[in-house]
**Q** 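For reference, the structure I am asking about is given below.
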There are 2 protein chains.
Amino acid sequence: MLDLAILGLLQEGDLHGYEIRRRLRDSLGLMANISFGSLYPALARLESAGAVRGIEAGTASPLATGAAMGSLSGELAALRSKRTAIARPKKSKKVYRITDAGRALFTELLAAPATSDDARGFSLRVSFAKYLTPELRVSLLQRRRTQLQDRLSEVCTAAQRNDLDIYARSVVDHTTQGVRQDIAWLDALLDAERERSRPDLTHPNPGGQTMAPVND
Amino acid sequence: MLDLAILGLLQEGDLHGYEIRRRLRDSLGLMANISFGSLYPALARLESAGAVRGIEAGTASPLATGAAMGSLSGELAALRSKRTAIARPKKSKKVYRITDAGRALFTELLAAPATSDDARGFSLRVSFAKYLTPELRVSLLQRRRTQLQDRLSEVCTAAQRNDLDIYARSVVDHTTQGVRQDIAWLDALLDAERERSRPDLTHPNPGGQTMAPVND
DNA sequence: CAATCGTTGTATCGATTCGATACATCTGTT
DNA sequence: AACAGATGTATCGAATCGATACAACGATTG
């Protein structure tokens, strides 16, 4: 799970641990911050497996810092205009770079059958869905949809019980509603996939962004 | 986290492990099934701490089975009318019963400051909110509201970035929307709390269920 | 009847993740 | 210069996960 997230982020540029954590929170939909107690062991794990290489980015190391800066420039520009501080990781410590083996591992993990109905793992895979083939994308979405639908019907039949107090009832209802909206979201994504697989229609570009190719 | 859940469920009747797992999924809003690898160690932990007592419910043990059956009767009636099977845990193994120390521990854990912004832990506490004082209920809800609001503003400012492809963008947007609805849910709960603390108005019982005392 | 399969139920193992904590460096403020 | 706060790496013990094994019972079917 974490390995997939790390490899996916490193595909788009070299990063150090702290920054990986931030991206996991902001760029991906992961609301719960992963802890450093997970992150650093995961990085060590990946490095010993040959999937990433740690590059020492000492105070005076122009080539490595250059690579790290490049992937951060956009964020820096945005933030510098608003606040004074926000120091970039100018001279911190280790910067990690993905290897060819790491890229292969990423592809393998991304297409893996997504064991169990884990919401975090699913969101993560959707975040990296541009690296999947259209077929794998659709099957990923449909698998999740089936899981949620099954869960929903189970919970709904069990939620007819009236022995719940107002608080427990409220939690169950709110959760149920959330699942329904997840399903609606999946339906929208699936519709978009079908739309994208059928390129030519009467209108060359009806909805503007809708027909655009996957933006990288 | 799990300890709190187990103690809360055992407050309403003796249960065995398998049934605790089911209730965690159905009655409480926890969508992700907790694993037995968490549950059984947690039960052992609580038993060695003196918070619960394991009662052997052998094939011929009328008193223990009686207690266990009592808490299951409603569910049984509902299910028996629909399907033929669904064997009740007639002669399984261990049934757990909460102790006085366990009840004290439950109260302590429930009122605890809810470290970190964990969604599962929060939902759990709301499910058991009827055991809290109105003041603690409101502070629990407001604390969570503040957390979500902070997260939301952080993510929103960071989500202005346009370097996300459509999939990552969709995940971020959907997550953001989910957080907004969580906040709206909290607002509704807080409104209900304020309503409940102000019993007398022009209409004695305007909304039917609204003014009813907390249903146990 | 007996073979078989699905459900219920308890239990444990290794690996992953969490939450807390420590510590070092850099930056801005007083 | 002293200090506080953000940035950054790292590790420890405990909680949790996912897989797996095992046993007993009920229902279906040959």
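Labels below follow one simple rule: chain letters A, B, ... track the order of the sequence lines, proteins then strands, and each chain is numbered from 1. Keep in mind that this is a model prediction, so the values were computed, not measured.
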**Q** Should the ring pair A:Tyr18 and A:Phe36 be called parallel, tilted or perpendicular, given that the plane angle runs from 0 to 90° and is split at 30 and 60?
**A** parallel
**Q** Quick check: closest heavy atoms across A:Val171 and B:Ser123, and the distance to 0.1 Å?
**A** CG2-O, 3.8 Å
**Q** Would you mind reading off the distance between B:Leu39 atom CG and C:dT10 atom C1', rounded to a whole angstrom?
**A** 10 Å
**Q** Provide, to the nearest angstrom, the distance between the CD1 atom belonging to A:Ile20 and the P atom belonging to D:dT7.
**A** 16 Å
**Q** Tell me: CE of B:Met1 to P of C:dC18, nearest whole Å?
**A** 13 Å
**Q** Report yes if a side-chain nitrogen or oxygen of A:Arg120 is closer than 4.0 Å to either non-bridging phosphate oxygen (OP1 or OP2) of C:dT16; otherwise report no.
**A** no
**Q** Rounded off to whole Å, could you give me the NZ-to-C1' distance for the B:Lys94 and C:dT12 pair?
**A** 13 Å
**Q** The side chain of B:Arg45 is closest to which nucleotide in this list: C:dT16, D:dT16, D:dA10?
**A** D:dT16
**Q** What's the closest nucleotide to the side chain of A:Tyr18 if the choices are D:dT9, C:dT17, C:dA11?
**A** D:dT9
**Q** Which residue in the set B:Arg97, B:Arg23, B:Lys130, B:Arg103 passes salt bridge (Lys or Arg N to Asp or Glu O under 4.0 Å) when paired with B:Glu12?
**A** B:Lys130
**Q** Between D:dC17 atom P and A:Asp3 atom CG, what is the distance in whole Å?
**A** 18 Å
**Q** Please check the phosphate of D:dG18 (OP1 and OP2 only) for any side-chain N or O of B:Ser35 closer than 4.0 Å.
**A** no
**Q** Among C:dT10, D:dT9, D:dT16, which nucleotide sits nearest the side chain of B:Leu2?
**A** D:dT16
**Q** Taking CZ in A:Arg53 as the centre, count heavy atoms belonging to other residues, nucleotides or ligands within less than 6.0 Å. Is the count above 12?
**A** no
**Q** Starting at atom CG of A:Asp118, determine the distance to atom P of D:dG18, rounded to an integer number of angstrom.
**A** 6 Å
**Q** Using OP1 and OP2 only, check whether a side-chain N or O of B:Arg21 sits under 4.0 Å from C:dT8.
**A** no
**Q** Give the nucleotide from the list D:dT16, D:dC17, D:dG8 with an atom nearest to the side chain of B:Ile34.
**A** D:dC17
**Q** Once you apply a heavy-atom cut-off of 4.0 Å, does B:Gly37 come out as touching a base, just sugar-phosphate, or nothing?
**A** base
**Q** To the nearest Å, give me how far apart NE2 (B:His16) and C1' (C:dT7) are.
**A** 12 Å
**Q** Figure out the CG/P separation between A:Leu15 and D:dT9, and round it to whole Å.
**A** 10 Å
**Q** In terms of ring plane angle, is the pair A:His174 and B:Trp185 parallel, tilted or perpendicular, where the classes change at 30° and 60°?
**A** parallel
**Q** Does A:Tyr40 make a side-chain N or O approach to OP1 or OP2 of D:dA10 shorter than 4.0 Å?
**A** no
